[in-house]
Each structure stands twice: as structure tokens, then as C-alpha cells.
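All of these numbers come straight from a predicted model, not from anything done at the bench.
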Amino acid sequence: MSKQKQAQLRKSVSAFAKSDKRTSIIQLINSILPFFLLWFLAYQSLSISIWLSLGVSVIAAGFVVRIFIIFHDCTHMSFFKNAKANRIVGTITGIITHFAFEKWKRDHAIHHATSSNLDKRGTGDVWVMTVDEYTEASFWGRLSYRLYRNPIIMFGLGPAYLFLISNRFNRKGAKRKERWNTYLINFSIVAIYGLLIWAIGWQAFLIVQLPILFIAGAAGIWLFYVQHQFEDSYFENEDEWDYVKAAVDGSSYYKLPKAIEWITGSIGYHHVHHLSPRVPNYHLEKAHESTPPLHKATTITLLTSLQSLRFRLYDENSKSFVSFKQFKQVENKKKLMHQSKPSRTSLQK
């Protein structure tokens, strides 16, 4: 795609980068109020059955994901036109979702500016090693990476790490506004937890809250993971990296059933979001449908997205992800070829 066509593509999508106050307020109402109602119902259901309560918690977790999308839009200053309104709503939804607004705003901005750039990995993204990097890594380096990419750890322990550690502590060198926003959100979470434990008891509180956080956290990590980890995803070094290609070819279109698309705030249109982060979630589908070149973006479904679990290393030669099994086969083949080569001594004989 020529630079002129890229510029035209960005311009076409940017036309949808306009927040609508009425739509934003409606989305706040139909996301936050149902969550509080479902939380209360999950608690009330404990008197009938813990399994009924768990079922309600699963639905409540879906609304946490939806509230997170509002939080996410606020970090891009796209949910409202007014920056102060975005910060206030972003902080409130950050308390509900347990994410530090200013901290995540910075990290996520870096993610957008460096997505698919092999020379600028490490902030706000999923850890990806290339085949060459993994080949040269030490035993402990390989082990750390394998553990990180293990689905049980990523989606099982990942939510706990996210909510208890990553989102609770400021980075070294964080500015005053960022630090104090994290403190405010942490203090608010502790105060709300304390009030709820006092009101309903710690056991009931944990039975309701823990499943909600775990399911929402695992679902959020999955959405973030799967939309950049597909077989022929775009990755390039800094000198060849291109923002538009990174957005369109390095982010997928996750085609989800309408109910799940609604609950996830249309974040499946991830290629549109990366191309123009200022497009609010409720305009993403329209932007996609109205821009024919975007229809060529890699499309994945619930079923085909499961294949991403086997994509572990990025091969710069084939420009695609490979599994650890594929890497091992290639590595063993290289060893056999090396062993089969006649040594200099045998040749002299």
C-alpha cells in the first residue's frame, strides 16, 4: 500500500473519531448499573445455591469487561470530548475494574506507538520472543518465557498478577499525577472492600468478588492476547516498521457473536482501533463497514482464535508465528545436519 493510500485510509477512519455525549452516557448506564445489580443478585443467590451465585458472577464478569472498554476509551480521551470528563470517568471505571488510570494510559499509549515493532517491545504488550532470540537464550531465559506463554499461567495466574501487583504499584520514575492517581484508586478499592466485608462478611464477599475478577481478568487477557497473536501477524524492525501496516496487518478483526461483541465493546474491531485510537468503541463497527480496505484485515472467529494458543515464537524468516514443537523440529534438523557433516580430520584421511 502506497503512502498516499495509507494517508487516505487513516483519514477515512479518522472521520469516525468523534465521541457522542448521549451515546457515551447511555453506555455508562447500561454497563455500570447492570454490573451493580448483578453483583447484588450474586450475593442474594448465595442463600439459594453457590452455583447459582457463580452463574450470576459469570455474567457480572462480562459487564466488568464492558466497563473496562469504557475505561480504555477514556485513556485514549475518546469517550468524551472533554479531557476532564475522560479522566473522571476513567478513574471511576478504573476503581471498578481495578486498573490505575494514569499508569495504564501511559503504558497503553506506548503499546499503540510501538505495536509490532521488534525493536521497541516490552511496554504494554504481550511478551514475544523471536526464534533467534529463543535460540540464543539461556536455560533460565527459555524457562521464563515458556512459563509466561503457558496458558495455565497466562490465563490462570495472569489475572491475579494483574490485579494484585501490576496495577497496584507505580513504575519507577512515574510523575506525581500518575502516582497519586494510582494511590487514589488503590485507596478507593480498599475502602470499598472494607465496607462490603463489614456489611456482608468476608466469606460472602470473596465468593462473589473473586470469580468476577478472575473471569473478567482472564477474558481481558485473552482478548488482548489473541488480537495480536495470529499466524501471519505483522512484525518488523524499526527501520522497516510502518504504523498503518502494524495496525491493519498486526491486529486482527475478531468476529464475535453479536451478544459477545456487545459485552466486549466491539473491541474485536481491533485493526480499526489501532489505526485510529480516538474512535470510540461504539463507532468501531461503522468505521470498519464503511472502509473497504479494512475488510482485508485478518479475520478470526471464536473457533479459529483457539489456534493462537500454539503460536509461541515469531520467525522473522517466514514472517509468521511458530509453535515450540515446530521450533524443536527445526532445531533437531539443524543438529542432525551439523553432525552429518564430515569433519576436517576425516576429509584429510
L206/I197 under side chain to side chain contact (heavy atoms under 4.5 Å, CB included): CA gap, chis, key distance, verdict: CA-CA 9 Å; L206 291 180; I197 290 171; over 6 Å; no
I want to check something: taking the side chain as every heavy atom from C-beta on, are [X] and [Y] in contact at a cut-off of under 4.5 Å?
X    : Y    : value
V126 : I221 : no
S78  : S19  : no
F63  : I32  : no
L294 : L9   : yes
Y43  : S53  : no
F79  : L28  : yes
M154 : N150 : no
F80  : P280 : no

Quick one: sort the [X] and [Y] rings into parallel, tilted or perpendicular, breaks at 30° and 60°.
X    : Y    : value
F205 : W39  : tilted
H228 : H274 : perpendicular
F321 : F235 : perpendicular
F324 : Y145 : perpendicular

With no hydrogens and no angle check, do the side chains of [X] and [Y] hold a donor and an acceptor under 3.5 Å apart?
X    : Y    : result
D107 : T123 : no
W180 : E102 : no
E238 : N117 : yes
S24  : Y282 : yes
Q229 : R149 : yes
T298 : Y253 : no
T301 : T304 : yes
Q326 : D315 : no
Y243 : Q6   : no
R66  : N30  : yes

[X] side chain to [Y] backbone, donor-acceptor under 3.5 Å:
X    : Y    : result
D119 : N237 : no
T93  : G90  : yes
T130 : E133 : yes
S233 : F230 : no
R278 : H76  : yes
H288 : H295 : no
D125 : G122 : yes
R168 : N186 : no
S266 : T264 : no
N167 : A100 : no

What do the steps show when you test E136 against R142 for salt bridge (charged side-chain N to carboxylate O under 4.0 Å, His left out), and what is the final call? CA-CA 9 Å; E136 296 171 6; R142 287 190 178 195; over 6 Å; no
Out of the candidates R171, K105, K103, only one should pair with E178 under the salt bridge (Lys or Arg N to Asp or Glu O under 4.0 Å) rule; please name it. R171
Would R312 count as a cation-pi partner of F327, with NZ or CZ less than 6.0 Å from the six-membered ring centre and within 45° of the ring normal? no
[X] side, atom [atom1]; [Y] side, atom [atom2] - distance, nearest 0.5 Å:
X    : Y   : atom1 : atom2 : value
I207 : L46 : CD1   : CG    : 5.5 Å
T291 : Q8  : OG1   : CD    : 10.0 Å
I92  : T97 : CD1   : OG1   : 11.5 Å
I67  : I96 : CD1   : CD1   : 4.5 Å
N86  : F71 : CG    : CZ    : 11.5 Å

Check the hydrophobic clustering (I, L, V, M, F, W, Y; side-chain heavy atoms under 4.5 Å; chains of links allowed) and say if [X] and [Y] are grouped together.
X    : Y    : value
L162 : L147 : no
L33  : L37  : yes
V208 : V56  : yes

Trace of the salt bridge (charged side-chain N to carboxylate O under 4.0 Å, His left out) decision for K255 with E261: CA-CA 8 Å; K255 193 173 184 179; E261 183 183 314; over 6 Å; no
Within 6.0 angstrom of [X] [atom1], more than 12 heavy atoms from elsewhere:
X    : atom1 : result
Y193 : OH    : yes
I152 : CD1   : no
L164 : CG    : yes
F40  : CZ    : no
W127 : CH2   : yes

What verdict does the side chain to side chain contact (heavy atoms under 4.5 Å, CB included) test give for V190 and F187, after you've listed the backbone C-alpha separation in whole Å, the side-chain angles of each residue and the deciding distance to 0.1 Å? CA-CA 5 Å; V190 171; F187 174 79; 5.7 Å; no
Checking S116, S251, S115 against Y234 for side-chain contact (heavy atoms from CB on, under 4.5 Å), the one that qualifies is S116
side-chain contact (heavy atoms from CB on, under 4.5 Å) partner of F101, chosen from T91, L184, I88: T91
Among F35, W104, F224, which residue meets the ring-ring contact (aromatic ring centres under 6.0 Å, His included) test with F68? W104
